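Below is one structure, written out as structure tokens; the observations come after it.
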Amino acid sequence: MKKWLMSILVTAIILAGCSAKEETIAFKDKQFANTLIVQKVENNTSTEEQTKMITEKDTLEKVLTQVEGLEVEEISQDSFMKKLKSKSSYTFVFLGPDQKESGKGKYAFAILEDGTILFNFTEVEDPGSTMISKQKQPEVLEELKEKLDVSF
């Protein structure tokens, strides 16, 4: 599971973001993934007990719908990493049919315990810029945990 965290962190470090560009999260096609890995990260680490794999396509689409339409703005890579490391978070990594658990996902985002949502993909399979939700969304995390039956 540490491989997942490292994979996400490496992806985030590789990305470059510097201006205050604003966007809205949107998906052309929500059927790009066949697996979702949800992982709670505390003190920059996670355990197998804090990880859940979901393969129901309908559920994956509902998760994407939950964040679609959120207004986000570009932040620097340094700010992204500081925020990601500053609080406990839940990461959501979407894998395609040709990907393995230890590989880089097609799309990912993290929700901090305060409701801040961090995106390290501008679009599916396009790391692009690092983005942050313009407003904290604590209800999104609670709704996703309930939908996904995540109790950790």
Side-chain angles (χ1 to χ4, degrees), residues 1 4-9 11-13 15 17 19-96 101 104-152:
M1 290 303 118
W4 270 108
L5 179 60
M6 290 306 298
S7 176
I8 289 172
L9 291 177
T11 299
I13 290 170
L15 304 175
S19 69
K21 188 171 101 177
E22 296 182 10
E23 292 185 31
T24 300
I25 299 297
F27 301 98
K28 295 175 188 164
D29 176 17
K30 295 180 193 162
Q31 298 182 0
F32 63 88
N34 69 340
T35 304
L36 168 63
I37 306 283
V38 180
Q39 188 171 52
K40 184 172 185 180
V41 179
E42 295 178 299
N43 299 318
N44 298 315
T45 60
S46 187
T47 64
E48 218 171 297
E49 293 79 27
Q50 294 177 305
T51 302
K52 182 172 185 175
M53 184 179 300
I54 298 147
T55 57
E56 296 84 21
K57 290 278 235 180
D58 186 51
T59 303
L60 274 62
E61 289 181 39
K62 286 178 182 176
V63 172
L64 294 170
T65 298
Q66 193 79 30
V67 296
E68 188 169 41
L70 291 178
E71 292 183 6
V72 294
E73 58 190 1
E74 195 170 332
I75 61 170
S76 71
Q77 187 62 43
D78 281 345
S79 293
F80 180 94
M81 293 306 297
K82 283 179 186 172
K83 287 187 180 294
L84 190 60
K85 291 179 178 182
S86 70
K87 295 180 171 67
S88 294
S89 64
Y90 286 81
T91 59
F92 298 80
V93 180
F94 295 82
L95 302 174
E101 287 182 49
K104 180 181 137 192
K106 289 184 176 281
Y107 192 77
F109 61 89
I111 304 179
L112 305 182
E113 62 187 0
D114 69 358
T116 301
I117 305 177
L118 300 168
F119 297 88
N120 56 342
F121 281 75
T122 305
E123 293 183 24
V124 174
E125 296 191 69
D126 180 12
S129 303
T130 48
M131 310 293 277
I132 186 171
S133 56
K134 289 182 78 174
Q135 296 182 350
K136 293 179 181 179
Q137 307 285 333
E139 72 283 353
V140 171
L141 178 57
E142 291 310 312
E143 289 171 14
L144 287 175
K145 285 171 60 178
E146 187 176 316
K147 277 181 190 172
L148 302 173
D149 193 28
V150 171
S151 57
F152 45 85

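Everything numeric here is computed off the predicted structure, so don't read it as measured data.
The closest side-chain heavy-atom distance from Ile111 to Gln137 is not below 4.5 Å. Side-chain contact between Thr59 and Lys147 is absent, with no heavy atoms from C-beta onward closer than 4.5 Å. Looking only at side-chain heavy atoms (C-beta outward), Val63 and Leu144 come within less than 4.5 Å of each other. Here the side chains of Asp29 and Val124 are not in contact, with every heavy-atom distance at 4.5 Å or above. Side-chain contact between Glu61 and Gln31 is present, with at least one heavy-atom pair separated by less than 4.5 Å.
The main-chain N or O of Thr116 is found under 3.5 Å from a side-chain atom of Asp114 such that the two form a donor-acceptor pair.
Between Phe92 and Phe109, the two ring planes are parallel [angle under 30°; tilted spans 30° to 60°]. Ring geometry for Tyr107 against Phe94 counts as tilted: the plane angle lies between 30° and 60°, on a 0 to 90° scale.
Heavy-atom contacts from other residues, nucleotides or ligands closer than 6.0 Å to CD of Gln135 number 12 or fewer. Heavy-atom contacts from other residues, nucleotides or ligands closer than 6.0 Å to CD of Glu146 number 12 or fewer.
The minimum heavy-atom distance linking Phe27 with Leu64 is given by the pair CE1-O, 3.4 Å. Scanning all heavy atoms of the two residues, the minimum distance from Gly115 to Ser133 falls at O-OG, 4.3 Å. Taking every heavy atom of both residues into account, Asn44 and Leu84 meet most closely at OD1-O, 4.4 Å. Counting all heavy atoms, side chain and backbone alike, Thr65 lies closest to Lys30 at OG1-NZ, 2.9 Å. Pairing each heavy atom of Thr24 with each of Glu71, the nearest pair is OG1-CG, 4.2 Å. The two residues Asp149 and Lys52 have their closest heavy-atom pair at O-NZ, 3.1 Å.
Applying the side-chain contact (heavy atoms from CB on, under 4.5 Å) criterion to Lys145, with sequence neighbours excluded, gives Tyr90, Leu141, Glu142, Val150. Scored by the ring pair (Phe, Tyr, Trp, His ring centres under 6.0 Å) test, Phe152 finds no partners at all (sequence neighbours excluded). With sequence neighbours excluded, the residues forming a salt bridge (Lys or Arg N to Asp or Glu O under 4.0 Å) with Glu42 are Lys40, listed by chain and number.
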Leu118 vs Ile75, side-chain contact (heavy atoms from CB on, under 4.5 Å): CA-CA, chis, key distance, verdict | CA-CA 9 Å; Leu118 300 168; Ile75 61 170; 4.2 Å; yes

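No donor-acceptor contact under 3.5 angstrom links the side chains of Ser76 and Asp78, judged on distance only.
With Glu123 as reference, Lys28 is the one residue of Lys106, Glu23, Lys28 to meet the side-chain contact (heavy atoms from CB on, under 4.5 Å) rule.
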